[in-house]
Amino acid sequence: MIQILGTKRVLFLTVLLLLNVGLGLALYVHLIPEQEKVTSELRRTEKAVAQKKEEIARIKEEIAMLRENLKKYKILQDSGFFGNQNRVTAQDAFQEIREESGVLKAKYFIKAAERIEHKKAEEVEHVLLSSAINVDVEALDDIDIYHFIKLIQKRFPGNVELTALDVRLGSRVNDASLRKIANGEPVSMVKGHLEFNWRTMPPENKLGFDVFTE
Amino acid sequence: MNIPFLSPSRCVLLITDEMVHVYDVGASSVRLVNSVSWMDPDFEDVVTDNIVKDCKGKPVLILSDMVEQHYRMEKMPKVSPLDKANIIKRKLAVAFPKYPIRAAFPINVKEKKKGASGGVYLLAAVPETKSFRKIVAVVKRSLVPIVGLCLLPIESSDMVKTLSQKLKKKGKAKPARWSIFLAQHQSGELRQIVVNDGNLALTRITPIVDTDKKPELWASEVNQELNATMGYLSRFGYSQEDGLDVIVIARPETANRLEALLEVPCDFHALTLQQASHVLGVKLGSQDGSRADALHTAWIGRKSSFLLPMQSSDISHVRLPRQVAAGAMLVMLAGAGWLSFDASQKVQMLNHTRDSLVTAQNEQRNLEQVYKEEKERKNVRGIDDVDLFQNALSLYDDIENDGFDPLPVLTAFANELAGVMKVEAVKMGVKVQSTSGSELDPYYVEKKQKIFDSTFQFMFPGTIRVEEGNLQMRNLTKRMILALPDYDVTLQKELQDLTYSGEFEFETGLISEKSSEDQYTAEIRIRKKTDDSNSGN
């Protein structure tokens, strides 16, 4: 064959063959897999960059939101909004508020807490507890009762909303009542019935079974 | 007609009985490189050198202009296309058993009964002479590609036909069916090619006077040979009515002498070599004399396909591997080119992708740093769980103000009563109602409506004149309406209804006076409706 084709041609063919094989190997064994690898890494990185940009935007929004609402949140925290409606705490609060308001007598009844379904609480693994509170009060003046309401709204742990109020004069001023007042004895002149709705948002895992019924 | 710049560039070895003429056929010229005698002791070296060096290793075409060429017309039996090749091969073997170099090609001959046979074929053969073996050895040695082996009269028959058509006299109704081409070659021999209806009918090569320096002698000998050819033509079915073109390549003065001598009735055309090449549209370059080898070589050497390539095992043995090698080279060169191009594209793309990756990675690092800083900034605020933060605030907004604030109404009363009247009882409450709407309405969104409702009861002594007490209550109601513009304030109950709609009891005459212990009561009702869409559930 070499006689027919000649050494030069055979050599040239061999060189061409080797060149083709070399180029083919370089292309299909190195370049294309490398390109796929680098492209895949680029896509991964670009995805990560996009994700990180979103995270930064979100965290900036969160910071802005935190800046605006931090004070309110701290007040919520301090007010016991995340508490589990411990009745002992409520008892202490009522005692303190009654004394400060000047109300002569306060008889309260806290109903068993209800667990209110609320999406925003569930999303963060918390629950919304709601307890109805009925209070019967007696006072010398109706102003004391209104003061009592204000203090409950301000000092009671969590969110307390007044839902009903019924205040009426208990008895007329007469000689007996005037004598008692003169002797420094407490005289109940006004009676009232108050209804509140007490709500808090404790973490679900910190609920005590004794504080609510479903 | 050949297109000059697309014409193949070849080395044509024109073999005659005495010598080999080596021609370099290019796109625009034909050059006689050398003429080497078969007897030359350095024959192989010289011709090889001419092919490789002078013709720059161009592909070689062997063109036979030897005396011994055998032709025969054969009618083929009607067979299937698959069997045709075998039949032709067998016919060739039977026709020329002693000549291994042979071939056949179909010619257009009018048959008496159309479609009765498989067509008429011209069979051709040349002997495998010592000269032939020599030239094959040279080609083998030169290592250049071989185009093939052809016979000059056959491959030039279409040239004669073309010349005849182009030289047809104006006004002549139909072209002549017979054409005779006469030209002297380098060897000094006169080659006559007779074409009938475009097909080779007869060819003769005969020695004549070597030079045309004596025009009378040259014309006389050529005329003699033409007459001899005409003698043969009658046997091939020639008749005067068919028409005859005689084309001669010669100098004008010798051609004129020949024309004067002609006895044959014909259309006589005398052309110089350059005129013939011009008529044919083939470029010869500068040529001396009127020897027609260069014209044949130019015409045949630039053909892209041949009428009758001769089959020879010796030539095939060399030609096929070289053709395969040339093809393989072409394919591999193209492959290498394509692979190089593709690889360079891929390298560019890879570099571009790598640059993009580096940019993206740098951006990712920067963003990580920014994220870290922002996170630290957020942590400084002491909030770990932002979702809890957001949801707690949002939930608080939802539930806040579910109750009511008694202060605005109480303050308004305190201001308007001014110590004159006294409130006996206050009743306040709030209830939440859902707005009614069709569940089938896809756009209906349930809204909650909070209704604040309060009643203020006033006590009046029994000694007061009812009209006066009612007036006080009406005036108070008016003042409260002004003081509480967002509320619905109504006087729900007067001390006593003195209009037609009220029941009325009255004593007159001997009656007891009204005691201060007797009392009248009146009521003012205050309401407010607010929409509350923050249900949250």
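Numbers restart at 1 for each chain; the letters A, B, ... are given by sequence-line order, proteins then strands. Atoms considered below: every heavy atom in the structure, side chains included; atoms not considered: hydrogens, waters and symmetry mates.
Side-chain atoms of B/Asp49 do not come within 3.5 Å of backbone N or O of B/Asp45 as any donor-acceptor pair. Side-chain N or O atoms of B/Lys493 include one that pairs as donor or acceptor with a backbone N or O of B/Thr521 at under 3.5 Å. Side chain of A/Glu195 to main chain of A/Ile133: no donor-acceptor pair is present (N/O by atom type, distance under 3.5 Å, no hydrogens or angles). The backbone N or O of B/Ile526 sits less than 3.5 Å from a side-chain atom of B/Ser454, completing a donor-acceptor pair.
Within the 4.5 angstrom heavy-atom criterion, atoms from both the backbone and the side chain of A/Leu17 approach chain B. When heavy atoms are compared at a cutoff of 4.5 Å, A/Gln153 approaches chain B solely by way of its side chain, counted from C-beta outward. For a residue to count as touching a neighbouring chain, one of its non-hydrogen atoms must lie under 4.5 Å from one of that chain's; by this rule B/Leu333 touches chain A with backbone and side chain alike. The parts of A/Leu13 that come within reach of chain B are both its backbone and its side chain, each placing non-hydrogen atoms under 4.5 angstrom from that chain. If you measure heavy-atom distances from A/Ile56 to chain B, the contacts under 4.5 Å come from both the backbone and the side chain. Interface residue B/Glu368: backbone and side-chain heavy atoms are both found under 4.5 Å from chain A. Only the side chain of B/Asp405 comes within contact range of chain A, judged by heavy atoms closer than 4.5 Å. With a 4.5 angstrom heavy-atom cutoff, A/Ala26 does not touch chain B via any of its atoms. Proximity to chain B (any heavy atom under 4.5 Å) is shown, for A/Tyr73, by both the backbone and the side chain. With a threshold of 4.5 angstrom between heavy atoms, A/Leu162 approaches chain B through its backbone and through its side chain. Looking at A/Phe82, the atoms closer than 4.5 Å to chain B (heavy atoms on both sides) all sit in the side chain, from C-beta outward. Only the backbone of B/Val144 comes within less than 4.5 Å of a heavy atom in chain A; its side chain stays farther off. For A/Arg9, the parts lying under 4.5 angstrom from a heavy atom of chain B are both the backbone and the side chain. With a 4.5 angstrom heavy-atom cutoff, A/Asn69 touches chain B via backbone and side-chain atoms both. Using a 4.5 Å cut-off between heavy atoms, A/Lys150 touches chain B through its side chain atoms alone.
Ion pairing of A/Lys52 with A/Glu55 is present here, as a side-chain N (NZ or NE/NH1/NH2) and a carboxylate O approach within less than 4.0 Å. With respect to the salt-bridge test (charged N to carboxylate O, under 4.0 angstrom), the residues A/Arg155 and A/Glu100 qualify. Contact check on A/Asp136 versus A/Lys191 returns no salt bridge, with no Lys/Arg side-chain nitrogen under 4.0 Å from an Asp/Glu carboxylate oxygen. We find that A/Arg58 and B/Glu374 are not joined by a salt bridge, their nearest charged nitrogen and carboxylate oxygen being 4.0 Å or further apart.
Interface remark: of the candidates A/Lys72, A/Met65, A/Lys53, A/Met65 forms the most heavy-atom pairs closer than 4.5 Å to chain B. For the options A/Glu41, A/Glu123, A/Gln77, A/Glu122, heavy-atom pairs under 4.5 Å to chain B are most numerous at A/Glu41. For the set B/Val423, B/Asn366, B/Leu367, the entry with the most heavy-atom pairs within less than 4.5 Å of chain A is B/Leu367. Ranked by non-hydrogen atom pairs under 4.5 Å with chain A, the options B/Gln390, B/Glu373, B/Gln457 are led by B/Gln390. Here B/Asp342 is the residue among B/Asp342, B/Val347, B/Asp387 with the most heavy-atom pairs under 4.5 Å with chain A. Taking B/Leu350, B/Leu407, B/Val318 one by one and counting their heavy-atom pairs under 4.5 Å with chain A, the maximum is reached by B/Leu350. Ranked by heavy-atom pairs under 4.5 Å with chain B, the first of A/Leu16, A/Leu165, A/Ile59, A/Leu5 is A/Leu165. No other option in B/Met349, B/Gln361, B/His317 has as many heavy-atom pairs under 4.5 Å with chain A as B/Met349. Counting heavy-atom pairs closer than 4.5 Å to chain A, the top residue among B/Gly429, B/Ser356, B/Ala392 is B/Ala392.
Aromatic ring orientation, B/Phe452 versus B/Tyr487: perpendicular (interplanar angle above 60°, classes split at 30° and 60°).
The distance from the CD atom of A/Glu46 to the OG1 atom of B/Thr359 is 9.5 Å, given to the nearest 0.5 Å. To the nearest 0.5 Å, atoms CD (A/Glu125) and CG (B/Asn391) are separated by 11.5 Å. A distance of 8.5 Å separates CD1 of A/Ile149 from CE of B/Met428, quoted to the nearest 0.5 Å. In this structure, CZ on B/Phe456 lies 4.5 Å from CZ on B/Phe413, to the nearest 0.5 angstrom.
Residues A/Ser131 and A/Lys111 bring no donor and acceptor atom of their side chains to less than 3.5 Å of each other.
Within residues 133-143 of chain B, the residues that have a heavy atom under 4.5 Å from a heavy atom of chain A are B/Lys140, B/Leu143, listed by number.
At least one side-chain heavy atom of B/Phe389 sits under 4.5 Å from a side-chain heavy atom of A/Leu66. Side-chain contact between A/His30 and A/Leu25: absent, with no pair of heavy atoms (C-beta onward) separated by less than 4.5 Å.
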Exercise. Give the intermediate values and the outcome of salt bridge (Lys or Arg N to Asp or Glu O under 4.0 Å) for residues A/Glu204 and A/Arg115.
Key: CA-CA 11 Å; A/Glu204 193 162 14; A/Arg115 183 173 173 159; 2.5 Å; yes
Exercise. Show the numbers, then the answer: is there a ring pair (Phe, Tyr, Trp, His ring centres under 6.0 Å) between A/Phe94 and A/Phe156?
Key: CA-CA 8 Å; A/Phe94 268 120; A/Phe156 211 76; 5.1 Å; yes
